[in-house]
Amino acid sequence: MSRYYEFFCPVKVIAGEAALEHLPYELTGIASVRPMIITDAGVRAAGLLDPVIAACEESAVTIAAIYDEVPPDSSTTIVRDIANLYRQQQCDAIIAIGGGSSIDTAKAVNILVSEGGDDIAAYSGAGVLTRPLRPFFVIPTTAGTGSEVTSVAVIADTERSVKLPFTSSFLLPNAAIIDPRMTLTLPPHITAATAMDALTHATEAYTCLAKNPLSDAYATAAIRKIGRSLLAVMDNPDDAKGRLDLAEASTMAGIAFSNSMVGLVHSLGHATGAICHLPHGLCMSLYLPYVLEYNLEDIREPLAELLLYLEGPEVWSATPASRRAEATISAIRHLRDELHHRCELPRTLRETGKLKEDQLDAIARQALDDGSIIYNPREASLKEVRSILDKAWG
Amino acid sequence: MLESFSRSTARRARRQYVGMMFRFMGHALEAISRFDKTVIDEASALPEGLVFQMTVLPAGPSLAVEHTGGGSLRYLGSHYQGPVDLSIRFKHLAHAFLVLSFQEKTVEAFANDRMVVDGDIALAVRMTRILNRLEAIILPRLVARRAVKEYPSELGLLEKVPGAIGVYRRVAFSMIRDLRKEGLSQ
């Protein structure tokens with residue numbers, strides 16, 4: 001445990017039944033009369049915009065513009081186009097509705113419409129922004145990324161083939177609205193993968209180098225909710241209470257990891273996503289147990305504590321103290337097996353069918369240069385990373 | 001009065017220590033990149049011409065090195081004013097002192113938000129590995145354990161001792177040369 005830490009989360013969280021209906025009140029509270037919605041085609045097709053628009057119309061708030069073509073990997077061109085639409089329609093606030101891509105895109109659009117210009121690349125990096133941006137609200141439609149409470153965004157610069165990172169506390173939204181209606185229609189495999197993403201955020205936040213008492217509190221609360229509700233939601237997708245649990249867990253895990261960072265699971269996941277285009281949540285699920293095994297002797301104590309939150313007090317008290325860390329890893333493996341049984345979420349790289357074994361060297365090399373690796377408790381060498389990948393291959 | 005004097009003396013000493021350590025590290029990075037294969041391999045992947053600066057905010061001591069190609073680093077001095085591609089900036093002199101006096105590991109300083117990285121994070125990770133390698137080579141094992149996350153298990157005395165002698169010898173020559181230059185310019 002560090003002798004020093006920083007913790008920051010100024011995002012108002014509006015969560016629970018009929019949470020969406022609070023949005024008009026929040027908008028009028030900041031005198032916004034022409035908000036813009038940024039979302040993707042899937043969200044619109046699933047009818048998830050309807051309750052938001054209806055809630056606004058009932059309160060006499062008019063949505064001035066809707067952009068619903070955000071792709072899974074957003075780009076600087078799209079950010080520029082949306083910013084132009086915002087200016088043409090004279091909007092005065094942004095509402096992001098969707099998963100990580102829509103939220104990141106909206107963060108980048110907010111930079112351009114607040115700071116001016118068309119070149120979002122000029123604002124890339126840390127600490128470039130020096131003043132608050134336009135009013136910004138986020139309504140997540142997946143329960144995993146935690147982007148609604150993180151101060152980062154990543155946008156692809158397709159012309160230069162690089163990913164541009166943006167880091168600033170000014171990217172944080174005014175409020176995140178967590179409504180169980182928004183995740184009720186998530187397909188089972190996405191529910192599973194995104195929940196494993198949140199579980200990984202919380203687990204790495206609790207076991208990596210920058211852990212601190214406040215992020216620990218959020219991480220353990222998130223793990224408790226995932227342990228309690230993930231399989232219940234998989235068995236009964238209409239379980240609104242369980243859906244809310246997972247959405248809240250995602251937000252809490254997001255708060256935890258944005259204040260204590262993540263480790264080697266994310267390094268491997270980022271590299272695998274970049275090279276093989278596997279979804280981020282799936283990558284997290286694939287690597288989590290193997291990295292925990294690799295880190296085991298350095299994280300035995302916190303990992304043992306997580307058994308209580310993941311499996312509950314009965315299992316925790318029935319497990320000898322010396323075996324609790326291993327039991328936590330077994331519980332995560334068991335959870336993956338159950339998810340595989342219910343929706344065929346792959347448990348090994350081989351099971352994904354999207355990778356070739358000869359790509360593992362490239363993944364290992366790229367993972368070694370990922371920023372998250374700094375926060376991993378062990379100093380992983382190329383050989384060790386390759387060994388973890390061999391185990392994850394299956 | 002006496003207390004205030006001793007506090008300001010301690011602060012001055014701390015600033016001088018950090019400045020001296022930056023200067024030592026700058027020369028040491030240049031030195032080790034001439035012969036240590038691990039450092040050369042790591043530095044080879046940096047873009048040629050990349051300038052890395054480590055400094056203390058707002059205008060504290062600093063070091064700057066340039067990758068001149070082939071894994072070779074060149075120390076640009078402690079007053080470098082040119083463009084910088086990658087920088088690690090300590091938020092306060094006290095934070096730099098914690099790291100440079102081996103009371104806090106470099107990765108702990110990252111984890112504790114003591115530093116701000118500006119530039120490509122992947123390159124910053126690579127530079128951190130180079131700094132770790134330097135510390136593992138030149139510091140006694142007990143001190144190095146306090147400076148790096150994990151002391152490299154494969155680093156034996158047969159590699160460490162000649163490496164350390166090589167770095168200290170080159171740094172000594174370079175610092176004497178610096179002092180002569182400074183003497184001539186005064």
Side-chain angles (χ1 to χ4, degrees), chain A residues 1-8 124-128 151-152 154 162-169 204-205 207-212 215 257-264 266-267 270-271 274 294-295 297-298 365-384, chain B residues 37-38 41-47 55 57-58 84-92 94-95 97-99 103-133 135-136 144-145 147-155:
Chain A
M1 178 72 67
S2 169
R3 294 170 294 161
Y4 170 92
Y5 65 89
E6 293 179 10
F7 188 93
F8 182 69
S124 176
V128 180
S151 52
V152 297
V154 178
V162 291
K163 290 208 166 183
L164 301 173
F166 301 85
T167 307
S168 168
S169 58
E204 290 214 289
T207 55
C208 287
L209 290 179
K211 78 196 251 61
N212 64 70
S215 68
F257 91 82
S258 59
N259 283 282
S260 62
M261 307 309 286
V262 283
L264 183 52
H266 274 76
S267 308
H270 293 154
Y294 168 72
N295 284 332
E297 291 315 317
D298 286 53
R365 277 195 301 274
Q366 192 156 330
L368 218 55
D369 283 346
D370 188 83
S372 310
I373 209 163
I374 287 180
Y375 302 95
N376 194 64
R378 287 192 64 189
E379 184 80 84
S381 66
L382 183 63
K383 196 173 154 193
E384 289 166 334
Chain B
K37 187 174 178 314
T38 307
D41 286 348
E42 290 281 7
S44 294
L46 299 172
T55 184
L57 290 170
V84 172
D85 303 293
L86 173 67
S87 69
I88 295 180
R89 292 172 290 169
F90 287 97
K91 290 180 182 172
H92 193 275
H95 302 150
F97 184 75
L98 280 173
V99 172
Q103 296 176 65
E104 190 168 86
K105 299 175 197 292
T106 310
V107 288
E108 275 178 341
F110 267 111
N112 291 345
D113 281 326
R114 311 284 202 200
M115 307 188 284
V116 181
V117 176
D118 201 1
D120 188 332
I121 298 292
L123 300 179
V125 172
R126 196 166 277 273
M127 275 311 300
T128 306
R129 281 203 297 272
I130 291 172
L131 289 167
N132 283 346
R133 174 72 181 176
E135 287 171 327
R145 279 183 187 282
V148 300
K149 196 195 285 184
E150 211 166 284
Y151 188 83
S153 56
E154 76 285 356
L155 181 60

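Note that these values count all heavy atoms, side chains included, but never hydrogens, waters or copies made by symmetry. Letters A, B, ... are given to chains in the order of the sequence lines, protein chains preceding strands, and every chain is numbered from 1.
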Portion of B:Val148 that has a non-hydrogen atom of chain A nearer than 4.5 angstrom: neither

Out of A:Met261, A:Arg378, A:Gln366, return the one with the most heavy atom pairs under 4.5 angstrom to chain B. A:Arg378

Search all heavy atoms of A:Ala210 against all heavy atoms of B:Ala111 and return the closest pair with its distance. CB-O, 3.5 Å

Cationic N near anionic O, under 4.0 Å, A:Glu6 to B:Arg114: no

Interatomic distance, A:Ile373 atom CD1 to B:Ile121 atom CD1 [nearest 0.5 angstrom]: 13.5 Å

Would you give the length of the straight line joining atom CG of A:Leu368 to atom CD of B:Glu42, rounded to the nearest 0.5 angstrom? 7.0 Å

Here the gap from A:Tyr4 atom OH to B:Leu98 atom CG, rounded to the nearest 0.5 Å, amounts to 11.0 Å

Parallel, tilted or perpendicular: rings of A:Tyr375 and B:Phe110 (30°, 60°): perpendicular

The interface call for A:Pro377 against chain B, heavy-atom contacts under 4.5 Å, is backbone

If only atom types and distance count, is the side chain of B:Lys149 paired as donor or acceptor with the main-chain N or O of A:Ile374 below 3.5 Å? yes

Nearest-0.5 Å distance that lies between atom CG in A:Asp369 and atom CZ in B:Arg126: 4.0 Å

Close side-chain approach of B:Val125 and A:Asp370, heavy atoms under 4.5 Å: no

If we ignore angles and hydrogens, is there a donor and acceptor under 3.5 Å between the side chains of A:Glu379 and B:Asn132? yes

